[in-house]
Amino acid sequence: MAVSKWTLEGEAMCPHRLVLEHVTSRWGVLVLIELNERSYRFSELRRAIGRVSEKMLTQTLQTLERDGLVHRDAKPVIPPRVDYSLTDLGREAAQLVSALGTWTNERMDDVVKARETYDRART
């Protein structure tokens, strides 16, 4: 029996699946979509995304930076200035995630109808 690259390998999570989780996480998707437009300073990015805590945004940016998707540019000035942008790999991932976001937006009416049909059948 063949083992999918998306399944768990022993106790550790398969690396492909882990990166997929980083890219498609609640905040990962939003970071990639925002940074696909332009580079941001931390506070700008936090405002653009909305409702994300400083801690979660920091963790998400660090994870995406470690995966090679986000570039962190710390400028040695006072006060400190840090800009975040996408790497080439990150732009590629952001385009794919953005396409899914566009599809969701375009098909939302169909999703709403399907939910209503489902809910009516269950009541």
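All values below were derived from every heavy atom in this structure, side-chain atoms included, with hydrogens, water molecules and symmetry-related copies excluded.
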[X] [atom1] to [Y] [atom2] distance, which is reported to the nearest 0.5 Å:
X	Y	atom1	atom2	value
Ser43	Glu54	OG	CD	9.5 Å
Leu18	Asp67	CG	CG	7.0 Å
Arg38	Asp83	CZ	CG	9.5 Å
Arg115	Thr117	CZ	OG1	12.0 Å

Any [X] side-chain heavy atom under 4.5 Å of [Y] side chain:
X	Y	value
Val31	Leu64	yes
Asp119	Glu116	no
Leu57	Ile49	yes
Thr87	Arg91	no

Indicate the atoms forming the closest heavy-atom contact of [X] with [Y], along with that distance.
X	Y	value
Ser98	Ile33	OG-CG1, 3.7 Å
Leu89	Gly68	CB-O, 3.8 Å
Leu86	Ala94	CD1-CB, 3.6 Å
Ser53	Met56	OG-N, 3.0 Å
Ala48	Glu34	CB-OE1, 3.7 Å

For atom CD of Glu92, decide whether the heavy atoms of other residues, nucleotides or ligands shown that lie under 6.0 angstrom number more than 12. no
Between [X] (side chain only) and [Y] (backbone N and O only), is there a donor and an acceptor less than 3.5 Å apart?
X	Y	result
Arg46	Val52	yes
Thr60	Trp27	no
Gln62	Gln59	no

Check the hydrophobic clustering (I, L, V, M, F, W, Y; side-chain heavy atoms under 4.5 Å; chains of links allowed) and say if Val82 and Val70 are grouped together. yes
Do Leu69 and Leu20 share a hydrophobic cluster (ILVMFWY, side-chain heavy atoms under 4.5 Å, transitive)?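 No; tracing contacts between hydrophobic side chains, which count when under 4.5 Å, never links both residues.
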Over-ring placement of Arg120 relative to Tyr118, 6.0 Å and 45° cut-offs: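 So Arg120 doesn't make the cation-pi contact.
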Side chain to side chain contact (heavy atoms under 4.5 Å, CB included) for Phe42 and Thr58? Distances and angles first, verdict last. CA-CA 8 Å; Phe42 183 88; Thr58 298; 3.5 Å; yes
Let me see the working for Arg81 and Arg41 under side chain to side chain contact (heavy atoms under 4.5 Å, CB included), right down to the final yes or no. CA-CA 7 Å; Arg81 179 183 174 109; Arg41 294 179 74 177; 3.4 Å; yes
If you measure from the Lys or Arg side-chain nitrogens to the Asp or Glu carboxylate oxygens, is any gap between Asp109 and Arg107 under 4.0 Å?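 Judged by the 4.0 Å cut-off on N to carboxylate O distance, Asp109 and Arg107 do not form a salt bridge.
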Report the C-alpha distance between Leu35 and Tyr84 in whole Å, list the side-chain angles of each, state the deciding distance to 0.1 Å, and finish with yes or no for side chain to side chain contact (heavy atoms under 4.5 Å, CB included). CA-CA 8 Å; Leu35 289 178; Tyr84 294 91; 4.3 Å; yes
Could you walk me through whether Arg26 and Arg51 pass side chain to side chain contact (heavy atoms under 4.5 Å, CB included), step by step? CA-CA 11 Å; Arg26 178 179 184 182; Arg51 297 188 343 227; 3.4 Å; yes
